[in-house]
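The figures that follow rest on heavy atoms only: side chains count, while hydrogens, waters and symmetry mates do not. Ligands are counted one by one from 1 in listed order, and the atoms in each one are counted from 1 as well. Since this is a predicted model, take the numbers as computed values, not measurements.
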Amino acid sequence: MRRSFAGPLTGALALMAMAVAAPGAAGGTTTPDGVVIGGQPVEISQSPWVVALSSRDRFGGTRAGQFCGGVLVAPAKVLTAAHCVSSDVLGVPLGQVRDLAVIAGRGTLKGTGGQEVAVSGVQLNPAYDAKSNAGDFALLTLSSPLSAGHAIKAAGAGHTAYKAGTGAVVYGWGDTKGDGTYADELRAALVKVLPDSACERAYPGYNKATYRADTMLCAGDESGGHDACQGDSGGPLVADGRLIGLVSWGSGCGQAANPGVYARLSAAPETWVARN
Ligand code: 4AZ
């Protein structure tokens with residue numbers, strides 16, 4: 001049931017918003033699909049809370065050093081995945097990365113729009129477990145604040161946005177095909193919150209990563225094709241205008257049997273994000 005979406009890019013977000021408003025409509029056939037996986041370019045001005053994490057020293061300058069996503073949750077605070085600041089990802093201990101920065105307001109990495117702001121502090125979720133990836137949250141402090149109006153609130157625990165079947169949008173500059181083809185422009189894909197059982201089935205724990213519903217959220221596309229992928233980690237999953245997840249892990253990308261696993265926002269440290 002994959003369809004290519006050939007409409008004007010400016011209409012993409014509106015179409016996505018419609019699809020989110022009616023998640024079950026037409027069995028998903030109205031879902032925009034293009035090649036994030038199964039997404040399409042979006043305007044950063046429509047989602048100004050999406051930021052790129054950058055280190056040109058570690059990742060080179062061609063894509064402005066982008067290596068993960070993040071979310072502006074307060075003027076000088078960016079939430080990202082704890083694993084994004086691990087030495088596994090950075091190649092060296094965090095303390096040795098001198099140019100860690102956040103790029104805000106720039107959809108096209110090769111462009112010069114928006115702002116690059118240095119990261120002046122990094123806090124790891126005390127409950128983060130690098131082995132299982134449980135509680136995959138880190139909070140970055142920016143050296144200077146961004147616009148307060150650009151921050152997004154999280155859905156509080158018990159909010160309906162966390163319910164299976166909810167339409168949600170994942171944003172990122174990551175791999176668009178699962179083969180190392182990285183996006184230059186910010187993309188978004190429409191996915192669905194899936195029942196925990198879908199990820200418990202896919203990730204029962206024989207591997208190093210086990211799905212744990214208390215700190216993780218399962219989302220994707222029952223027929224495959226819409227997903228986050230490498231390079232999207234730390235970026236936002238948004239439903240009902242609220243942050244519900246951060247891209248965390250998964251097996252492959254866009255496979256129906258292996259949904260995306262997100263850090264569940266309701267499990268983020270209480271004081272880190274405003275909720276409603
Ligand atoms: C990653 O490596 C990654 N399909 C992120 C998300 C997913 C897979 C891998 C989910 O950053």
Practice item. Using the side-chain hydrogen bond (donor to acceptor under 3.5 Å, both in side chains) rule, take K192 and T166 through it: C-alpha gap first, then chi angles, then the decisive distance, then the call. Key: CA-CA 6 Å; K192 226 159 61 167; T166 302; over 6 Å; no
Do any nitrogen or oxygen atoms of G260 come within less than 3.5 Å of a nitrogen or oxygen of ligand 1?
no
### Task
Say whether H83, considering both its backbone and side-chain N or O atoms, lies within less than 3.5 Å of an N or O atom on ligand 1.
no
Minimal heavy-atom distance between A104 and L146, with the atoms involved, is CB-CD1, 3.7 Å
The closest protein heavy-atom partner of atom 6 (C) of ligand 1 is V247 CG1, 3.7 Å
Name each donor-acceptor pair under 3.5 Å that joins a side chain in residues 255-262 to protein atoms two or more places apart or in another chain, with its distance.
unit_1 : atom_1 : unit_2 : atom_2 : d
Q255   : OE1    : N258   : ND2    : 2.6

Atom 8 (C) of ligand 1: closest protein heavy atom, distance to 0.1 Å, is G252 O, 3.6 Å
Under 4.0 Å from one or more heavy atoms of D227, ligand 1 contributes atoms 4 (N), 10 (C)
At the 4.0 Å heavy-atom cut-off, does G220 count as touching ligand 1?
no
Query raised in the report: So, the side chain of Y211 versus the backbone of M216: is there a donor-acceptor pair under 3.5 Å, distance only?
Result: yes
Between V122 and the options V85, V97, T141, the side chain to side chain contact (heavy atoms under 4.5 Å, CB included) test singles out V85
Heteroatom proximity flag, D232 to ligand 1, N/O under 3.5 Å = no
Interatomic distance, OG1@T176 vs CD@Q230, rounded to 0.5 Å, equals 12.5 Å
min-distance protein heavy atom vs atom 1 (C) of ligand 1 -> Q230 CA, 3.5 Å
Query - Derivation of the side-chain hydrogen bond (donor to acceptor under 3.5 Å, both in side chains) call for D184 and T108 - result: CA-CA 6 Å; D184 180 52; T108 303; 4.9 Å; no
Quick look: C229 vs ligand 1, heavy-atom contacts under 4.0 Å, and the answer is backbone
protein heavy-atom neighbour closest to atom 10 (C) of ligand 1 works out as A228 O, 3.3 Å
Self-check item: Pairwise side-chain contact, F67 with W173, heavy-atom cut-off 4.5 Å (strictly under)
Solution: no
Closer than 3.5 angstrom, by distance alone: can the side chain of D232 be matched with the main-chain N or O of C229 as a donor-acceptor pair?
yes
Q) Hey, is ligand 1 close enough to G254 that some N/O pair sits below 3.5 Å? A) no
re atom 11 (O) of ligand 1, the protein heavy-atom contact at minimum distance is S233 OG, 2.8 Å
Under 4.0 Å between heavy atoms, the region of I37 that gets near ligand 1 turns out to be neither
